[in-house]
Amino acid sequence: MKVANNTKELEDCEQANKLGAINSTLSNQSKEAFIDWARYDDSQDHFCELDDERSPAAQYVDLLLNPERYTGYKGPSAWRVWNSIYEENCFKPRSVYRPLNPLAPSRGEDDGESFYTWLEGLCLEKRVFYKLISGLHASINLHLCANYLLEETWGKPSWGPNIKEFKRRFDPVETKGEGPRRLKNLYFLYLIELRALSKVAPYFERSIVDLYTGNVEDDADTKTLLLNIFQDTKSFPMHFDEKSMFAGDKKGAKSLKEEFRLHFKNISRIMDCVGCDKCRLWGKLQTQGLGTALKILFSEKEIQKLPENSPSKGFQLTRQEIVALLNAFGRLSTSIRELQNFKVLLQHSR
């Protein structure tokens, strides 16, 4: 029996490694474009720290060849990553346990009410931080449920929505009421990133901002499409005002804001510990996208003061940040759409 279990574990491990592997295929045209982009970026004035894209450890990846979906990466290894994110960064004492945390000791009849009682006692900024991380976690889980490995025949995998997995993570009964809270935080995160897009529009509307691709026509088309997106976000009613954050005494607010920033920065480091390449890719991308959104929201004054026809001073977005911001918002938008699909599927399955 033990030999059979070990064989099954090895098969599961091999499948997870196969499904989680990165497809690093790039055309020669793409490789030449990346070199050209780097040369162009180096000629610009930067006023923020950049990751070293030329590091031997850095790798360009075509996101279209590596869609975010179920890879088999699960169990204690995945739990430990998310547990570190919540336990080390969400301003939570060790004596307070998150609901349904598989790594926490049994709490008897406590269905998480003690956790939410504690959470409601925190300041607005710390509550927002937790909701953002919870929303990000929910969004990633939704992607995995919507693009689940349903079967694999003749070496060709079949992907699609897994209702059972969705219910396990979000059903009110199966999650003891935790699932709806997670989805509520997903919508909250969506509104935060939507607001960031509307706030950063003036940065891109300036004539000096050029979304360089190496092709003049593509540059213009890309910028037009991006400005159209920003215009759409401005027509959407905003339900969150970041000005209510860090609004206390200046010294305390500055200290809290720095703590907020450092905690979020640590989460991006923890994402480096994810054992699955593809999971790490999308986890880091969406984390950086959220970090960029927060950077925008807390730089409104700097954005408003930007000159029209000269390099940005006081606020700058790198190519990495722009890519992360737009892809992260795209992932959240997809999560909302997939959630609606699951609602339809659940109604039909009754």
Side-chain angles (χ1 to χ4, degrees), residues 9 12-22 51 57-59 61 63 66-94 96-105 112 115 119 126 129-149 162 165-166 168-170 175 178-179 181-183 185-186 189 259-294 324 327-328 331-332 334-335:
E9 288 177 4
D12 289 345
C13 184
E14 288 177 2
Q15 183 192 53
N17 288 336
K18 178 182 177 183
L19 297 176
I22 290 285
D51 291 332
Q59 183 180 16
V61 173
L63 296 177
N66 296 278
E68 184 182 20
R69 58 192 178 193
Y70 176 81
T71 66
Y73 181 67
K74 57 184 178 179
S77 178
W79 293 339
R80 280 193 292 271
V81 170
W82 281 108
N83 197 58
S84 295
I85 288 173
Y86 284 110
E87 296 297 317
E88 297 174 16
N89 301 283
C90 288
F91 306 95
K92 189 179 72 60
R94 294 286 181 182
V96 176
Y97 296 95
R98 288 179 296 111
L100 306 181
N101 180 2
L103 300 182
F115 171 82
L119 186 65
K126 293 181 179 180
F129 192 97
Y130 172 79
K131 289 180 179 180
L132 293 177
I133 301 308
S134 173
L136 176 63
H137 195 181
S139 180
I140 291 173
N141 280 336
L142 250 172
H143 302 153
L144 306 186
C145 294
N147 288 281
Y148 204 87
L149 180 63
N162 186 321
E165 188 67 18
F166 176 82
R168 186 179 74 82
R169 296 174 186 266
F170 298 107
T175 63
E178 183 64 14
R181 284 183 171 127
R182 294 170 176 172
L183 295 176
N185 291 336
L186 163 63
L189 174 58
E259 191 177 7
F260 195 98
R261 187 185 70 82
L262 291 176
H263 277 229
F264 195 85
K265 196 172 182 180
N266 191 49
I267 290 174
S268 63
R269 293 194 188 103
I270 293 175
M271 283 292 180
D272 281 322
C273 300
V274 174
C276 159
D277 290 345
K278 196 173 290 184
C279 306
R280 182 168 62 251
L281 166 69
W282 284 104
K284 285 178 68 69
L285 184 70
Q286 291 170 85
T287 301
Q288 187 174 10
L290 174 53
T292 304
L294 294 174
N327 275 280
R331 292 280 74 205
L332 288 173
T334 301
S335 293

Let me confirm one number: the NE2-CD distance from His263 to Glu88, rounded to the nearest 0.5 Å.
10.0 Å

Does Lys284 come within less than 4.0 Å of Asp272, counting only side-chain N to carboxylate O?
yes

Ile140 vs Trp82, test: side chain to side chain contact (heavy atoms under 4.5 Å, CB included). Steps then yes/no.
CA-CA 12 Å; Ile140 291 173; Trp82 281 108; 3.9 Å; yes

If only atom types and distance count, is the side chain of Trp282 paired as donor or acceptor with the main-chain N or O of Leu63 below 3.5 Å?
no

For Lys92, is there an ion pair with Glu87 - N to carboxylate O distance below 4.0 angstrom?
yes

Candidate pair Thr287 and Ile270, rule side chain to side chain contact (heavy atoms under 4.5 Å, CB included), full reasoning
CA-CA 10 Å; Thr287 301; Ile270 293 175; over 6 Å; no

Minimal heavy-atom distance between Asp277 and Arg280, with the atoms involved, is OD1-NH2, 2.7 Å

Decide yes or no on side chain to side chain contact (heavy atoms under 4.5 Å, CB included) for Leu290 and Phe264, but give the supporting numbers first.
CA-CA 9 Å; Leu290 174 53; Phe264 195 85; 3.5 Å; yes

Starting at CD1 of Ile133, measure out to CD1 of Ile267 and round the result to the nearest 0.5 Å.
3.5 Å

Sub-3.5 Å donor-acceptor pair from the side chain of Ser335 to the main-chain atoms of Arg331, do we have one?
yes

Within a strict 4.5 Å, meaning less than it, do heavy atoms of the Leu183 and Phe170 side chains meet?
yes

Could you tell me if the ring centre of Phe115 sits under 6.0 Å from that of Tyr130?
yes

Residues passing the ring-ring contact (aromatic ring centres under 6.0 Å, His included) test with Phe260, sequence neighbours excluded, are Phe129, Phe246

Residue pair Gln286, Leu136: steps toward the side chain to side chain contact (heavy atoms under 4.5 Å, CB included) verdict:
CA-CA 8 Å; Gln286 291 170 85; Leu136 176 63; 3.8 Å; yes

Taking every non-hydrogen atom, the tightest pair across Asn83 and Arg98
OD1-NH2, 3.1 Å

To the nearest 0.5 Å, how far apart are OG1 in Thr292 and CG in Asn327?
11.0 Å

Rounded to the nearest 0.5 Å, how far does CG of Leu332 lie from OG of Ser139?
4.5 Å

Side-chain contact, heavy-atom cut-off 4.5 Å: Ile85 with Asn266?
no

Which heavy atom in Arg168 sits nearest to a heavy atom in Thr175, and how many Å separate them?
O-CG2, 3.5 Å

Side chain Arg182, main chain Arg169, donor-acceptor under 3.5 Å:
yes

Note: Ser134 and Asn185 closest approach over all heavy atoms is OG-ND2, 2.9 Å

With a 6.0 Å cut-off on the ring centroids, do Tyr70 and His143 count as close?
no

If only atom types and distance count, is the side chain of Ser84 paired as donor or acceptor with the main-chain N or O of Arg80 below 3.5 Å?
yes

So, taking the atom named CD in Glu259 and the one named CG in Asn89, what distance separates them when rounded to the nearest 0.5 Å?
10.5 Å

If you compare all heavy atoms of Leu285 against all heavy atoms of Ala328, which two are closest, and at what distance to 0.1 Å?
O-CB, 4.5 Å

